[in-house]
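Fair warning: this is a prediction, and the values are worked out from it, not measured in the lab. FYI, the numbering just counts along the sequence from 1.
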Amino acid sequence: MPELVFFAGTMDCGKSTLALQIQHNRSARGLSGMIFTRNDRAGEGRLSSRLGLVTEAVEAGEGFDFHAHLVRHLTSGGRTDYVIADEAQFLEPGQVDQLACVVDDLGIDVFAFGITTDFRTRLFPGSQRLIELADRIESLQVEALCWCGARATHNARTVGGRMVVEGAQVVVGDVAGAQSPAGEDVGYEVLCRRHHRRRLTAAAARAGALSPDVLPVDGADAPALHRG
């Protein structure tokens, strides 16, 4: 039976890489797929991974109708055996409903890949709807790590090296060179829950370790000491 499968995780856990691997494996067996993405770091109509792999995709922007697009493709003589939807956290809830209709009405497997929560630990609307509708939810097996070495479970946004919990939900891409209105650098980092709650990024932890006036919160947050 066809399925709607949601592959979920944090940043840096290999979602786009797995999407490209699924596309490669299925195309090698003679299957024909259609790839969609939205707001990919490589630009419009591209699906890319941090490993440097990239392929062309259909940009599923605001108002895009997955079901209607597939119906037009099929009725014009096209073939689609499976669908890949990357950056699915950016989809509108109604677009996720359309993906479910692609599975149920057209009998096509849909593999969606996305981040579950934003830098405020709130579910993205697209991810929330996927959790509600998916036949199966898969957690990515390649675990991203916090600076402390623990499993990273939360995405953090930094401005000028400091973690922030306010601002627009979506800032697209790797934000290399991006700046806040105040001219400060904007970046992202994955953290474990404890350090996300404490807003303790790698830069903040290093600054604390270098300052003679700052003591670690507890032993678990203190940098390791190497004695000769």
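- With rounding to the nearest 0.5 angstrom, the NZ atom of Lys15 is 4.5 Å from the CD1 atom of Ile115.
- Shortest non-hydrogen contact noted between Leu18 and Phe7 is CD2-CD2, 3.7 Å.
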I'd like a table of donor-acceptor pairs (distance under 3.5 Å, sequence neighbours excluded) in which one partner is a side-chain atom from residues 91-103, with atom names and distances.
residue : atom : partner : partner atom : Å
Glu92   : OE2  : Gly63   : N            : 3.3
Gln95   : OE1  : Arg38   : NH1          : 3.1
Gln95   : OE1  : Glu92   : N            : 2.9
Gln95   : NE2  : Gly61   : O            : 3.0
Gln95   : NE2  : Phe64   : O            : 3.0
Asp97   : OD1  : Arg129  : NE           : 3.0
Asp97   : OD2  : Arg129  : NH2          : 3.0
Gln98   : OE1  : Phe66   : N            : 2.8

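- Looking at Phe113 and Ile84, their side chains come closer than 4.5 Å, going by heavy atoms from C-beta outward.
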Gln21 and Gln23: CA distance, side-chain angles, deciding distance, side-chain contact (heavy atoms from CB on, under 4.5 Å) verdict
CA-CA 5 Å; Gln21 185 67 53; Gln23 188 272 337; over 6 Å; no
- Query: Could you walk me through whether Trp147 and Leu200 pass the side-chain contact (heavy atoms from CB on, under 4.5 Å) check?
  - Reply: CA-CA 10 Å; Trp147 61 265; Leu200 193 58; 3.8 Å; yes
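- Taken from NE2 in His67 to CG in Asp104, the straight-line distance is 9.0 Å, to the nearest 0.5 Å.
- Residue Thr17 holds its OG1 atom at 11.5 Å from CD1 of Ile22, rounded to the nearest 0.5 Å.
- Side-chain N or O atoms of His195 include none that pairs as donor or acceptor with a backbone N or O of Thr201 at under 3.5 Å.
- Between Ile35 and Glu56, the closest side-chain pair of non-hydrogen atoms is not below 4.5 Å.
- Checked by atom type and distance alone, the side chain of Glu3 never pairs as donor or acceptor with a backbone atom of Arg136 at under 3.5 Å.
- Checked options Leu133, Leu123, Thr117, Thr116; the residue passing with Gln128 is Leu123 (criterion: side chain to side chain contact (heavy atoms under 4.5 Å, CB included)).
- Rounding to the nearest 0.5 Å gives a distance of 11.0 Å between CZ of Arg151 and CZ of Arg193.
- Side chains of Ser127 and Phe6 form a contact here, defined as non-hydrogen atoms less than 4.5 Å apart.
- The main-chain N or O of Ser32 is found under 3.5 Å from a side-chain atom of Asp81 such that the two form a donor-acceptor pair.
- Ring geometry, Phe90 versus Phe124: the interplanar angle exceeds 60°, so the pair is classed perpendicular (tilted spans 30 to 60°).
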Full working for side-chain contact (heavy atoms from CB on, under 4.5 Å) between Asp109 and Val5: CA-CA 8 Å; Asp109 282 313; Val5 185; over 6 Å; no
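- Tyr82 and Ser27 make their closest contact through OH-N, 4.1 Å (heavy atoms, listed as atom of the first residue, atom of the second, distance).
- Under the rule for a salt bridge (charged side-chain N to carboxylate O under 4.0 Å, His left out), Arg72 has no partner lying at least two apart in sequence or in another chain.
- Dense packing is recorded around NE2 of His73, with more than 12 heavy atoms of other residues, nucleotides or ligands lying under 6.0 Å away.
- Between the CZ atom of Arg157 and the CZ atom of Arg120 there is a distance of 8.0 Å, given to the nearest 0.5 Å.
- In this structure the side chain of Ser16 reaches within 4.5 angstrom of the side chain of Glu87, judged on heavy atoms.
- Remark: Thr158 OG1 to Leu191 CG distance equals 9.5 Å, nearest 0.5 Å.
- Closest heavy-atom contact between Cys146 and Ala152: N-CB, 3.6 Å.
- At least one side-chain heavy atom of Arg79 sits less than 4.5 Å from a side-chain heavy atom of Leu31.
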Please determine whether side-chain contact (heavy atoms from CB on, under 4.5 Å) holds for the pair Leu4 and Leu130, giving the CA-CA distance in whole Å, both sets of side-chain angles, and the decisive distance to 0.1 Å. CA-CA 9 Å; Leu4 172 58; Leu130 278 163; 4.2 Å; yes
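- For the side chain to side chain contact (heavy atoms under 4.5 Å, CB included) test with Met163, the passing option among His196, Glu189, Arg198 is His196; the others fail.
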